[in-house]
Amino acid sequence: MPRNDLAGVARWTRGTGPDDGGGHDARERDAGGPVALSRDGLPAWLDPVVRAAETVRPTQLSRFLPPKDGSGRQSAVLILFGEDERGPQLLLMERASSLRSHAGQPSFPGGALDPEDGDPQGDGPLRAALREAEEETGLDPSGVQLFGVLPRLYIPVSGFVVTPVLGWWREPTPVGVVDPNETARVFTVPVADLTHPDNRATAIHPSGFHGPAFLVESALVWGFTAGVIDRLLHFAGWERPWDRDKQVPLDWRA
């Protein structure tokens, strides 16, 4: 199956390494040049994620797809995989409780595209994902190798059309809260914790919403972020059987 549309627009590189670009040349991004997607040098454990990004269809990720009339606010999130002594991990943050959209929720770094990010149908989402991650977590984009994108999805409650951008934290740097008005906490979660059946549940909202949830790092990850993680684990072949009848009730403020 062919790659989804954005991956075909952005420039792919092969045979490059960390010393000559490797898909994360900060000078190129600052100059407004194309942002490269590169699979060169990725750890072998990311191969299932690469394959999933190539083959997954939008309807396999979510029933909420971008409006056909083109409405919705274009945005992007960075799904950043790293690795430390605990093994493979994901970077997450907890949004400030004062925000208008998704206040207090754990999420991927990300946000709406700015004009300077460029074409929303081209590499604009790639730039936006890196820019927002830097603004929200202090992440150094030069240490990130973008290697793929998932199909665009839709968040009806906020009207965002979201492009999930996949990255490999090739050169980890310290991260943390940059602006307390935007971010309450920045943390990493081992993939092993996300796949552990004890940490999985179904979130139930009074509105009728129900979906996958993860109880990790003293946080309840649910909603859009949990849905994407759930599908990534599934299509990467990392999912373990878990009790879908285990429920976590949410209140109206969630």
Side-chain angles (χ1 to χ4, degrees), residues 1-10 35 37 49 52-80 90-95 99-115 117-133 135-136 146 148-167 182 202-214 220-236 250 252-254:
M1 185 175 296
R3 303 185 190 104
N4 62 65
D5 55 352
L6 182 64
V9 173
V35 179
L37 294 173
V49 179
E54 286 187 321
T55 59
V56 70
R57 298 187 298 273
T59 53
Q60 292 177 308
L61 291 177
S62 174
R63 62 189 178 93
F64 298 114
L65 303 181
K68 294 182 179 180
D69 62 6
S71 62
R73 191 175 183 187
Q74 296 294 325
S75 63
V77 296
L78 179 64
I79 304 177
L80 184 61
L90 273 178
L91 177 68
L92 296 177
M93 51 171 272
E94 184 178 318
R95 295 169 60 81
L99 293 176
R100 288 180 298 176
S101 298
H102 313 292
Q105 289 188 24
S107 68
F108 302 117
L113 269 67
D114 285 348
D117 293 323
D119 184 5
Q121 305 303 319
D123 58 14
L126 308 184
R127 294 178 180 282
L130 290 171
R131 175 184 55 76
E132 287 282 346
E135 293 175 359
E136 293 176 332
L146 302 181
V149 293
L150 298 176
R152 291 181 176 89
L153 304 174
Y154 186 59
I155 304 179
V157 68
S158 58
F160 281 112
V161 174
V162 185
T163 299
V165 179
L166 301 168
E182 288 194 9
T202 298
I204 306 294
H205 194 274
S207 65
F209 167 87
H210 65 278
F214 299 85
L220 173 63
V221 184
W222 67 283
F224 174 84
T225 301
V228 173
I229 294 174
D230 172 78
R231 293 295 81 196
L232 269 178
L233 297 179
H234 175 77
F235 287 107
L250 304 169
W252 281 107
R253 293 170 295 177

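For the residue pair L150 and T163, the shortest heavy atom distance occurs at O-CG2, 4.3 Å. When all heavy atoms of L37 and G148 are compared, the pair lying nearest together is CD2-N, 3.9 Å. A226 and F214 make their closest contact through O-CE1, 3.5 Å (heavy atoms, listed as atom of the first residue, atom of the second, distance). Residues L113 and P125 share a closest heavy-atom pair of CD2-N, 3.9 Å. Across every non-hydrogen atom of P120 and Q74, the tightest pair is CB-CG, 3.9 Å. P106 approaches V221 most closely through the heavy-atom pair CB-CG2, 3.9 Å.
Judged purely by atom type and a 3.5 angstrom limit, Q60 uses its side chain to pair as donor or acceptor with the backbone of R57. Remark: the backbone N or O of G124 is not paired with any side-chain donor or acceptor of D119 at under 3.5 angstrom. E94 places no side-chain N or O within 3.5 Å of a backbone atom of S107 that could act as its donor or acceptor partner.
Not a single side-chain contact (heavy atoms from CB on, under 4.5 Å) links P115 to another residue, sequence neighbours left out. Listed by chain and residue number, D114, D117, E135 satisfy the side-chain hydrogen bond (donor to acceptor under 3.5 Å, both in side chains) test with R131 (two or more places apart in sequence, or in another chain). Applying the side-chain contact (heavy atoms from CB on, under 4.5 Å) rule to T202 yields the partners I204, H210, W242, R244; only residues at least two apart in sequence or on another chain are considered. Residues that satisfy the side-chain hydrogen bond (donor to acceptor under 3.5 Å, both in side chains) test with S71, not counting sequence neighbours, are D69. The side-chain hydrogen bond (donor to acceptor under 3.5 Å, both in side chains) test applied to H234 returns E239, not counting sequence neighbours.
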Subject >> Full working for side chain to side chain contact (heavy atoms under 4.5 Å, CB included) between L232 and V56 >> reply: CA-CA 9 Å; L232 269 178; V56 70; over 6 Å; no
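Sorted by first and then second residue, the salt bridge (charged side-chain N to carboxylate O under 4.0 Å, His left out) pairs involving residues 157-166 (not counting sequence neighbours) form an empty list.
Taking OG of S62 as the reference point, atom CZ of R152 lies at 15.0 Å (rounded to 0.5 Å). With rounding to the nearest 0.5 angstrom, the CG atom of D230 is 12.5 Å from the OG1 atom of T225. With rounding to the nearest 0.5 Å, the separation of CD1 in I155 from OG in S75 is 6.5 Å. Put simply, CZ on F108 and CD1 on I79 are 4.0 Å apart, with the number rounded to the nearest 0.5 Å. Expressed to the nearest 0.5 Å, how far CZ of R95 lies from CD of Q105 amounts to 8.0 Å. Separating the CG atom in L91 from the CG atom in L78 is a distance of 7.5 Å, to the nearest 0.5 Å.
In this structure, the side chains of I229 and L233 come closer than 4.5 Å at one or more pairs of heavy atoms. Side-chain contact between V77 and V228 is absent, with no heavy atoms from C-beta onward closer than 4.5 Å. Considering only heavy atoms from C-beta on, V162 stays 4.5 Å or farther from Y154 through its side chain. Residues L166 and L146 fail the side-chain proximity criterion, which asks for heavy atoms closer than 4.5 Å. Taking 4.5 Å as the limit, some side-chain heavy atom of V161 sits within range of a side-chain heavy atom of P67.
Annotation: F209 is in aromatic contact with W222 [ring centroid separation under 6.0 Å].
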